[in-house]
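Worksheet: the structure to be examined is printed underneath.
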Amino acid sequence: MPELPEVETIRRALAEYCLNETLETVSVKTPALIKNASVDRFSNEFHHKQLVEIERRAKFLIFNFENRYMVCHLGMSGIFLKDASQSRFPQHIHLIWEFKSGKRLYYQDVRKFGKFWLYDTQPDFTNLGVEPFSEHFTFERLKALIQHKKTGIKLFLMDQSNIAGIGNIYASEILFRAGISPLKKCSDLSDREIRSLYSAIQEILQSAIKNFGTTYSAYRTVSGENGQNQNFLKVYQKAGLPCHQCATPIEKIILGNRSTFYCPRCQK
DNA sequence: TCTGACCTGCGA
DNA sequence: TCGCAGGTCAGA
């Protein structure tokens, strides 16, 4: 499911809903989702702790409960809900947080690819690449990352150790915005193309955050509503439809086992 | 570098 | 009934 814009949308909504709340209990219905602790330890560590900060790194959410850290990756279908009464999949609610104030938060994940971790110190995520909205993400940095790689540019964008947070939807959309074919090799990109790519990454992600993320199936906001960014996509899931710039039919190909959409005329 | 596995629901 | 779906990882 969620790529950087969806995770950031969720982070902002959770901060509004439950920042500074004190946790009464965490009920774990599906122990397999907890990756590095027993269910008992996981629940006990957060008992009566206040949620003092919610951060995002790439597609990970980091909940700081007074220096006990709960880290969550939403996988393909994980969402947080304030109210589970309208959920279509109540059987797939795997975690329930209950706050002292009486508020509740539900973690739902149909495909169970999501994961949770417990850390005693702030996790550092050394295996992740540069954050697209950080000061470290500059044109020079992007150029240095790209210029000697022989891999295709779309696979480069989706590799979390290069730039962290881009997934399959936004990789296609970013390349369309930049006018670069997903088949092009990194090492063949000109300075001008890398500059276009640099702008496209920030513009596409920023605009998706502004639109509360892209809903195709599982993703919902914390309030259970659809995101709006699917209404603004230019190529993703548009195979056969005319390109909005040149009317050439959008093509679908498979790269790295993932569907990839592009305009063969606009993207060279 | 590529493929399959993980898991479930949905639409063709 | 089968293929596909927004992610990640292990193993070949």
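Hydrogens, waters and symmetry mates play no part in the numbers below; they use all other heavy atoms, side chains included. Residue numbers begin at 1 in each chain, while the letters A, B, ... track the order of the sequences.
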Is [X] close enough to [N] that one of its side-chain N or O atoms is under 4.0 Å from OP1 or OP2 there?
X	N	answer
Gln108(A)	dT8(B)	no
His92(A)	dG9(B)	yes
Lys59(A)	dT8(C)	yes
Lys252(A)	dA5(C)	yes
Ser259(A)	dA5(C)	yes
Lys112(A)	dC6(B)	no

Within this structure, what is the [atom1]-to-[atom2] distance between [X] and [N], rounded to whole angstrom?
X	N	atom1	atom2	answer
Arg88(A)	dT8(B)	CZ	P	16 Å
Lys115(A)	dG7(C)	NZ	P	12 Å
Leu157(A)	dG7(C)	CG	C1'	16 Å
Arg258(A)	dC4(C)	CZ	P	13 Å
Asp109(A)	dA5(C)	CG	C1'	13 Å
Tyr219(A)	dG9(B)	OH	C1'	20 Å
Arg57(A)	dT8(C)	CZ	C1'	16 Å
Gln237(A)	dC10(B)	CD	C1'	13 Å

Check your understanding: For Gln230(A), which contact category applies under a 4.0 Å heavy-atom criterion: base, sugar-phosphate, or nothing?
Key -> nothing
Give the ring-plane orientation class for [X] versus [Y], where under 30° counts as parallel, over 60° as perpendicular and anything between as tilted.
X	Y	answer
Tyr107(A)	His94(A)	tilted
Phe89(A)	His92(A)	tilted
Phe60(A)	Phe125(A)	tilted

Practice item. Answer yes or no: side-chain N or O of Arg111(A) and base N or O of dA5(C) forming a donor-acceptor pair under 3.5 Å. Key: yes
Check your understanding: If you measure only the distance, is there a donor-acceptor pair under 3.5 Å linking the side chains of Tyr170(A) and Glu6(A)?
Key -> yes
Check your understanding: Counting side-chain heavy atoms from CB outward, which of dG7(C), dC4(C), dC10(B) is closest to Phe89(A)?
Key -> dC10(B)
Check your understanding: If you check every side-chain atom of Tyr236(A), which of dG7(C), dT8(C), dA5(C) has the closest atom?
Key -> dA5(C)
Point to revise | Joint cluster assignment, Ile62(A) & Leu118(A), ILVMFWY side-chain distance < 4.5 Å | key: no
Practice item. Return the stacking result for dC7(B) and Phe113(A): yes when the ring centres lie under 5.5 Å apart and the planes under 30°, no otherwise. Key: no
Review point. Centre of Phe139(A)'s six-membered ring, under 6.0 Å away, within 45 degrees of the axis: is that where NZ or CZ of Arg195(A) sits?
Key: yes
Exercise for review: Could you check Asn257(A) against Thr151(A) and say which one's nearest nucleotide on DNA chain B is further toward the 5' end?
Suggested key: Thr151(A)
Exercise for review: Answer yes when Lys143(A) and Glu140(A) have at least one side-chain N-carboxylate O distance shorter than 4.0 Å, and no when they do not.
Suggested key: no
Check your understanding: Between Glu16(A) and Arg12(A), is there a side-chain N and carboxylate O pair less than 4.0 Å apart?
Key -> no
**Study point:** Nucleotide-level pairing of DNA chain B, given in dot-bracket where Watson-Crick and G-U pairs need both distances under 3.5 Å and | marks other strands
**Key:** ||||||.|||||
Exercise for review: Could you measure between the two P atoms, the one in dG11(C) and the one in dC7(B), and give it in whole Å?
Suggested key: 16 Å
